[in-house]
Amino acid sequence: MAVALHINQRIRENAENLSAALNSHMLASFAPDARKELRLFSAGEAAEMLGISPSFLRKLHFDGKFPEVHTTPGGRRHYSAADLMEMRKILDAAAKTPGTYLRGRREGDKVQVLSFLNFKGGSGKTTSSIHTAQRLALKGYRVLAVDIDPQASLTTLFGYRPEVDFLETGTIYDAIRYDDPLPLRDIIQETYFANLDLAPGGLILQEFEHETPQALINNVQPAFFSRMAAALEEVEKDYDVIIFDCPPQLGYLTMSALCASTGVIITVVPNMLDIASMSQFLQMSAELLDVVSNAGAALEFDFLRFLINRYEPNDGPQQQVVAFLRQLFGEEVMVAPMLKSTAISDAGLTQQTVYEVERSMFHRSTYDRAVDSLNQVNDEIESLLQQAWRR
């Protein structure tokens, strides 16, 4: 006689087994009390991020303009993210036009808040948002990454174990909850990336979805759509750019991020099933945003862009879908697509990004193609930020 399957018990067993396996994987990847560390960058990578030529970088070292950095016995220089920031300050102090090398906010500029979102999981939101946050940080911007997905993939990529480190407290939920919220500054974590901080996510964020209907009935103020913006106001002077990694659903968390945003990046995998899903997502978004707008939410954005994700240039049907989107949405479709790459997916196996892994771990052309694709996407996003600041 077949034994009845108690789905709640089986799911719990699976969850516990998976959590234990993930814990073992983390311990194998990192020492028990260690946090991730960012690798050093080659002279070529440093020059590219600083926006100068390798020969000019060598000359600045030769002239004694730059501080000494880590040098191999063979004479090759390697640069930390902190080295890059110090060199950026030196370059900008000597530049004819201030802000040439320090391109963040100036007096009168508003903080730029970007939401990466889509209705469907697997569209590359987390991959896109973390690579954008890291690239902007490496280029000298002060960045805050905010993980509002209860699955907390972004938080995990920063080397945390959300189910252990932030099980009950320490997430962005603490700053937006209805009962005795904490100052956002108290939950922000410095990361191993210079210029890049994290407001962690975790499963407890789901409580915000559960509590909001009752808060609306009780007219708790500020309303759900204003709580994220109110929390960010406390720290916005410390950052040039704030990036939200949103959950793959159109709930109160996503709406609160949208109402705090100045720009939106919608990630799109170019196949017709995903496009059909996005169509529903856009329709639902418009209707819900109408409601919060009528309730008093300010919804003035500097830009909205569709980012083609996991793009395979030699895939004919994908090319047709991309052409369809460009014809439909025009310049709102970003020029640069994010290519589908084994370098991106393989880096994720060790909970790293392409900007973190060593080039030697991959076939050179595979790595270079991935980095070039990511840089083009993120530099296009940077240009949107600069345009928003009217530069």
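In this text the structure is predicted, and so the values were computed from the model without any measurement.
The residues Asp240 and Arg105 are annotated as not salt-bridged, no charged nitrogen and carboxylate oxygen being separated by less than 4.0 angstrom. Salt bridge present: Arg391 and Asp109 bring a charged side-chain N and a carboxylate O closer than 4.0 Å. The pair Lys110-Asp302 meets the salt-bridge criterion, since a charged nitrogen lies less than 4.0 angstrom from a carboxylate oxygen.
Side-chain contact, Asn309 with Ser128: a donor N or O sits under 3.5 Å from an acceptor N or O. A donor atom on one side chain and an acceptor atom on the other are not found under 3.5 Å apart for Tyr367 and Ser360.
Among the candidates Asp372, Asp379, Asn378, the single residue satisfying the side-chain hydrogen bond (donor to acceptor under 3.5 Å, both in side chains) test with Gln376 is Asp372. When Glu48, Glu45, Glu380 are each tested for a salt bridge (charged side-chain N to carboxylate O under 4.0 Å, His left out) with Arg135, only one passes: Glu48. For the side chain to side chain contact (heavy atoms under 4.5 Å, CB included) with Leu154, the lone residue among Asp147, Ile148, Thr127, Ile243 that qualifies is Asp147.
In this structure, the side chains of Gln318 and Ile308 stay at 4.5 Å or more apart for every pair of heavy atoms. Tyr355 is not listed as a side-chain neighbour of Ile130, based on a closest heavy-atom distance of 4.5 Å or more. Glu356 has its side chain within reach of Phe193: a pair of non-hydrogen atoms, C-beta onward, lies under 4.5 Å apart. Side chains of Arg39 and Glu358 form a contact here, defined as non-hydrogen atoms less than 4.5 Å apart.
Cluster annotation: Leu328 is connected to Leu304 through the hydrophobic network of ILVMFWY side chains, with a link wherever side-chain heavy atoms come within less than 4.5 Å. Linking ILVMFWY side-chain heavy atoms closer than 4.5 Å, directly or via other members, places Ile90 and Leu102 in two distinct hydrophobic clusters. Residue Leu84 is not grouped with residue Leu40 when hydrophobic side chains (ILVMFWY) are merged at heavy-atom distances under 4.5 angstrom, including chains of intermediate members. Cluster annotation: Val235 and Val146 are assigned to the same hydrophobic cluster (Ile/Leu/Val/Met/Phe/Trp/Tyr, side-chain heavy-atom contacts under 4.5 Å, transitive). Linking ILVMFWY side-chain heavy atoms closer than 4.5 Å, directly or via other members, places Leu282 and Leu250 in a single hydrophobic cluster.
In this structure, the side chain of Asp63 does not engage the main chain of Lys65 through any donor-acceptor pair within 3.5 Å. Proximity of a side-chain donor or acceptor of Thr155 to a complementary backbone N or O of Pro200 within less than 3.5 Å is not detected. A donor-acceptor pair under 3.5 Å is absent between the side-chain atoms of Asp274 and the main chain of Pro270, judged by distance alone. Using a distance-only test at 3.5 Å, with no hydrogens or angles considered, a donor-acceptor pair links the side chain of Ser345 to the main chain of Thr342. Between the Thr100 side chain and the Lys96 main chain, no donor and acceptor come within less than 3.5 Å of each other. Side-chain atoms of Glu236 do not come within 3.5 Å of backbone N or O of Val111 as any donor-acceptor pair. Counting only distance, with no hydrogens or angles, the side chain of Arg326 and the backbone of Met334 share a donor-acceptor pair below 3.5 Å. Counting only distance, with no hydrogens or angles, the side chain of Gln352 and the backbone of Val357 share no donor-acceptor pair below 3.5 Å.
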side-chain contact (heavy atoms from CB on, under 4.5 Å) between Arg88 and Lys139: does it pass, once the steps are laid out?
-> CA-CA 9 Å; Arg88 198 176 291 281; Lys139 295 194 79 174; 4.3 Å; yes
Apply side-chain contact (heavy atoms from CB on, under 4.5 Å) to Leu385 and Phe303, showing your working.
-> CA-CA 9 Å; Leu385 303 178; Phe303 58 86; 4.3 Å; yes
Report the C-alpha distance between Asp149 and Lys125 in whole Å, list the side-chain angles of each, state the deciding distance to 0.1 Å, and finish with yes or no for salt bridge (charged side-chain N to carboxylate O under 4.0 Å, His left out).
-> CA-CA 10 Å; Asp149 188 345; Lys125 291 187 308 298; 5.6 Å; no
Under the salt bridge (charged side-chain N to carboxylate O under 4.0 Å, His left out) criterion, do Asp368 and Arg359 qualify, and how do the steps go?
-> CA-CA 8 Å; Asp368 291 346; Arg359 187 178 184 224; 2.6 Å; yes
Does the pair Asn195 and Tyr141 meet the rule for a side-chain contact (heavy atoms from CB on, under 4.5 Å), with working shown?
-> CA-CA 7 Å; Asn195 295 331; Tyr141 294 83; over 6 Å; no
Could you check Thr212 against Tyr178 for side-chain contact (heavy atoms from CB on, under 4.5 Å), going step by step and ending with a plain yes or no?
-> CA-CA 8 Å; Thr212 296; Tyr178 296 98; 2.8 Å; yes
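Here the closest non-hydrogen pair linking Ile266 and Val264 is CG1-CG1, 3.8 Å. Closest non-hydrogen pair, Pro150 versus Gln206, comes out as CG-OE1, 3.3 Å. Taking each heavy atom of His131 and Ile344 in turn, the nearest pair found is CE1-CG2, 4.4 Å. Minimum heavy-atom separation, Arg77 to Thr71: CG-OG1, 4.0 Å. Taking both residues in full, the closest heavy atoms of Ala137 and Ala194 are given as CB-O, 3.6 Å, listed atom of the first, atom of the second, then distance. Closest of all the heavy-atom pairs between Gly202 and Thr171 is N-CG2, 4.0 Å.
No more than 12 heavy atoms of other residues, nucleotides or ligands sit less than 6.0 Å from atom CD of Gln151. Around CZ of Phe56, the count of heavy atoms belonging to other residues, nucleotides or ligands within 6.0 Å does not exceed 12. Atom CD of Glu287 sits in a crowded spot, with more than 12 heavy atoms from other residues, nucleotides or ligands closer than 6.0 Å.
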Anything under 3.5 Å between a donor and an acceptor, one on a side chain of residues 217-232, the other on a protein residue two or more places apart or in another chain? List them.
residue : atom : partner : partner atom : Å
Asn218  : OD1  : Gln214  : NE2          : 3.4
Asn218  : ND2  : Gln214  : O            : 3.4
Asn219  : OD1  : Gln221  : NE2          : 2.8
Gln221  : OE1  : Ala223  : N            : 3.4
Arg227  : NE   : Ile176  : O            : 2.7
Arg227  : NH1  : Pro222  : O            : 2.7
Arg227  : NH2  : Arg177  : O            : 2.7

Donor-acceptor contacts under 3.5 Å from residues 254-263 side chains, at least two apart:
residue : atom : partner : partner atom : Å
Thr254  : OG1  : Gln249  : O            : 2.8
Ser256  : OG   : Tyr252  : O            : 3.3
Ser256  : OG   : Leu253  : O            : 2.6
Ser261  : OG   : Ser115  : OG           : 2.7
Ser261  : OG   : Ala257  : O            : 2.7
Thr262  : OG1  : Gln112  : OE1          : 3.1
Thr262  : OG1  : Val113  : N            : 2.9
Thr262  : OG1  : Val113  : O            : 3.3

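Relative orientation of the His61 and Tyr79 rings is tilted, given thresholds of 30° and 60° on the angle between their planes.
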